[in-house]
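Pasting in a structure now, in structure tokens, and then I'll have a few things to ask.
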Amino acid sequence: MNLRQLFLQNVAQTSDSPLALEFPNAEGSFLIDVEGKKYLDLISGISVSNVGHKHPKVVKAIHEQTDKYLHQLVYGEFLQTPQILLAKALVDTHKPTHRGQKIDNVYFTNSGAEAVEGALKLAKRYTGKPEIVACRRAYHGSTQGAMSLGERFYNQNYRPLLPGIRKMERNRWEDLDCITDQTAAVIIEPIGAECGVIVTEIEFMQELSKRCVEKGALLIMDEIQTGLGRTGKMWAYEHFGFAPDIVLSAKALGGGLPLGAFMAPQEIMSVFKENPVLGHITTFGGNPLCCAAGLASLEVVQSEIDLSEVSRKGERIKSIFEGQPLVGEVRGIGLMLAATFPDFPTLKEHIDYYIGKGLITDWFLYCDNAMRISPPLNISDEEIDLLESIIKEKSLM
């Protein structure tokens, strides 16, 4: 059997038509196939490869940690340098919360979904309240609790789900009434990702913050896709002028390795210490290899990537797509963008054409007429020139 046959036979599939593309190598902004053809990665593995593929500083950090150790007891009595240094580096990136507190505690997980699960537990434990408010058409993960926050289309066959979930529409002011004295937390992406990159209005987010404070609910911002420079700020919450009570991170956090985190003030996080003791535990969360890669990746973002350039390049890519005849709205901030097409068949035709020409892109779970545009933050202007040539070539057909 060849590799494709083994893939289809032995690797669990989640659709009947996987792309089954093979890229044995990747470097910078490119995926490289078995024949050596380069494909510009316009989605960064869904906002994972923020510093590109195989960045030498990330690879060096992985090699150095591999020579030391791969695993120790993660949440216990051991001091592990990669975990501690990454936690401190993350804490130093945060602004004060909307209550004036400092986010100074990091709980590492294996993934974004696990960060969501931990944050939901933390909010319920800290507030003693039963309900969670989430946005419609938001995706926070596929584990049971995280999936409970999503849409019926994806979770209807897995019920019963987590009880006490209430829904609001992003930017619909009257929906803020669903935040009550029984609300433990509101979870929101600063920019809705899988709904097709919908930006939350500044005034709405500020009123949401006010409502949470009034009702004693925690505000959780899911920055799993938006964080670590993706929107031209280290954290997307900076666009709104304050940090939430709990920040979630994953995807780009591990520099290409699996790593997530939920972060909060110590006053909030400390409730996991008692009643019961070890109120939230993990075997591999904060794995030293992942933390070493994550620290190197964060340092690259801070030292090599000008976040104002992320914004400039995003505006340039926006203008390229806006000039195409079948493209409608192009929305987003920084290098987190979506270009809308008339319908899914038209979008799919463009995606297939782009792949054939060496450009990898995708659509969104809850918006199948919009193209995902989320390249590495250090994509060069010459690489954007290549993107432009492929886009314009299609428009001339």
Side-chain angles (χ1 to χ4, degrees), residues 4 7-8 11 13-26 28-50 52-53 137 139 151 153-154 191-198 225 230 251-252 313-314 316-377 379 383-397:
R4 186 179 189 278
F7 167 74
L8 294 172
V11 178
Q13 307 295 306
T14 54
S15 79
D16 289 326
S17 53
L19 289 173
L21 299 170
E22 183 182 354
F23 301 111
N25 202 354
S29 298
F30 292 94
L31 303 169
I32 305 167
D33 73 10
V34 292
E35 296 177 349
K37 178 180 177 180
K38 289 186 173 183
Y39 293 71
L40 184 61
D41 186 359
L42 203 59
I43 57 176
S44 304
I46 314 298
S47 300
V48 168
S49 303
N50 274 17
H53 298 279
R137 296 185 306 284
Y139 176 79
E151 295 301 308
F153 176 78
Y154 282 97
I191 301 169
E194 297 308 317
C195 56
V197 188
I198 304 298
Q225 288 200 47
R230 175 57 52 189
K251 290 198 179 287
K313 290 173 183 177
R316 184 183 171 201
I317 293 174
K318 261 187 181 181
S319 68
I320 291 170
F321 278 91
E322 286 171 342
Q324 307 315 305
L326 290 176
V327 174
E329 182 183 13
V330 184
R331 53 185 180 247
I333 300 177
L335 286 171
M336 184 176 181
L337 305 171
T340 62
F341 287 76
D343 49 39
F344 176 71
T346 304
L347 171 62
K348 184 65 165 60
E349 176 196 344
H350 280 72
I351 288 175
D352 290 345
Y353 175 85
Y354 294 157
I355 291 174
K357 292 295 182 176
L359 179 64
I360 301 294
T361 185
D362 199 3
W363 60 90
F364 299 90
L365 285 178
Y366 298 134
C367 187
D368 67 1
N369 73 320
M371 181 176 293
R372 187 189 302 269
I373 304 165
S374 183
L377 304 185
I379 186 173
E383 290 161 352
I384 296 175
D385 290 342
L386 174 60
L387 160 67
E388 184 172 18
S389 68
I390 295 172
I391 300 299
K392 288 186 174 180
E393 180 180 311
K394 173 60 177 170
S395 69
L396 293 175
M397 293 179 63

### Message
Less than 4.5 Å apart, side chain to side chain, heavy atoms only: is that true for Gln225 and Met336?
### Response
yes

### Summary
What one should report as the nearest heavy-atom pair of Thr346 and Asp343 is OG1-OD1, 2.6 Å

### Query
Ile360 versus Ile355: any side-chain heavy-atom pair under 4.5 Å?
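Yes, side chains in contact.
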
### Message
Within the 4.5 Å heavy-atom criterion, are Leu386 and Phe30 side-chain neighbours or not?
### Response
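In contact.
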
### Query
So which heavy atom on His53 is nearest to which on Ser29, and how close?
CD2-C, 4.5 Å

### Message
Given 3.5 Å as the limit, does a donor-acceptor pair link the side chain of Lys38 with the main chain of Ala26, or not?
### Response
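Not a single qualifying donor-acceptor pair exists.
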
### Task
To the nearest 0.5 angstrom, please state how far the CZ atom of Arg331 sits from the CZ atom of Phe321.
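So the CZ of Arg331 and the CZ of Phe321 are separated by 13.5 Å.
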
### Query
Are Phe341 and His350 close enough that some pair of their side-chain heavy atoms sits under 4.5 Å apart?
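Yes - at least one pair of side-chain heavy atoms lies under 4.5 Å apart.
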
### Message
Quick check for you: to the nearest 0.5 Å, what is the distance between Leu359 atom CG and Ile391 atom CD1?
### Response
5.5 Å

### Separation between CG of Leu347 and CG of Asn369, rounded to the nearest 0.5 Å
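Those atoms lie 7.0 Å apart.
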
### Carboxylate-amine/guanidinium contact Arg316 Asp385, below 4.0 Å
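Result for this pair is yes, salt bridge flagged.
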
### Query
How far does CG of Leu335 sit from CD1 of Ile373, to the nearest 0.5 angstrom?
10.0 Å

#### Entry: Closest contact, heavy atoms only, Tyr366 versus Cys195
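Looking at all heavy atoms of both residues, the closest pair is CB-CA, 4.0 Å.
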
### Query
Between Glu35 (side chain) and Asp33 (backbone), is there a donor-acceptor pair under 3.5 Å?
no

### Which atom of Ser44 lies closest to which atom of Ser374, heavy atoms considered
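The pair with the smallest heavy-atom distance is OG-O, 2.7 Å.
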
### Query
Tell me, do Ile320 and Val330 make a side-chain contact under 4.5 Å, heavy atoms counted?
no

### Query
What heavy-atom pair brings Gly196 and Ala338 nearest, and what distance separates the two atoms?
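It is O-CB, 3.4 Å.
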
#### Entry: Validation row, ring centre Tyr39 to ring centre Phe23 under 6.0 Å
yes

### Side-chain donor or acceptor of Arg372 paired with backbone N/O of Trp363 under 3.5 Å
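It does hold such a pair.
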
### Query
What about the rings of Tyr139 and Phe364, do their centers lie closer together than 6.0 Å?
no

### Query
From Ile379 CD1 over to Leu387 CG, what is the distance, rounded to the nearest 0.5 angstrom?
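It is 6.5 Å, given to the nearest 0.5 Å.
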
### Task
State whether the side chain of Asn25 and the backbone N or O of Ile32 hold a donor-acceptor pair below 3.5 Å, judged by distance alone.
no

### Query
Below 4.5 Å, heavy atoms only, C-beta onward: do Lys392 and Gln324 meet side chain to side chain?
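Touching, per the 4.5 Å side-chain cut-off.
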
### Message
Taking the side chain as everything from C-beta on, heavy atoms only, tell me whether Leu365 gets closer than 4.5 Å to Glu151.
### Response
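With C-beta onward as the side chain, the pair stays apart.
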
### Query
Looking only at heavy atoms, what is the nearest atom pair of Lys318 and Gly332, with distance?
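In this case the closest contact between Lys318 and Gly332 is NZ-O, 3.1 Å.
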
### Message
Can you confirm whether Met371 sits close enough to Tyr354 that some side-chain heavy atom of one is under 4.5 Å from a side-chain heavy atom of the other?
### Response
yes

### Query
Between atom NZ of Lys357 and atom CG of Leu40, what is the distance when rounded to the nearest 0.5 Å?
15.0 Å

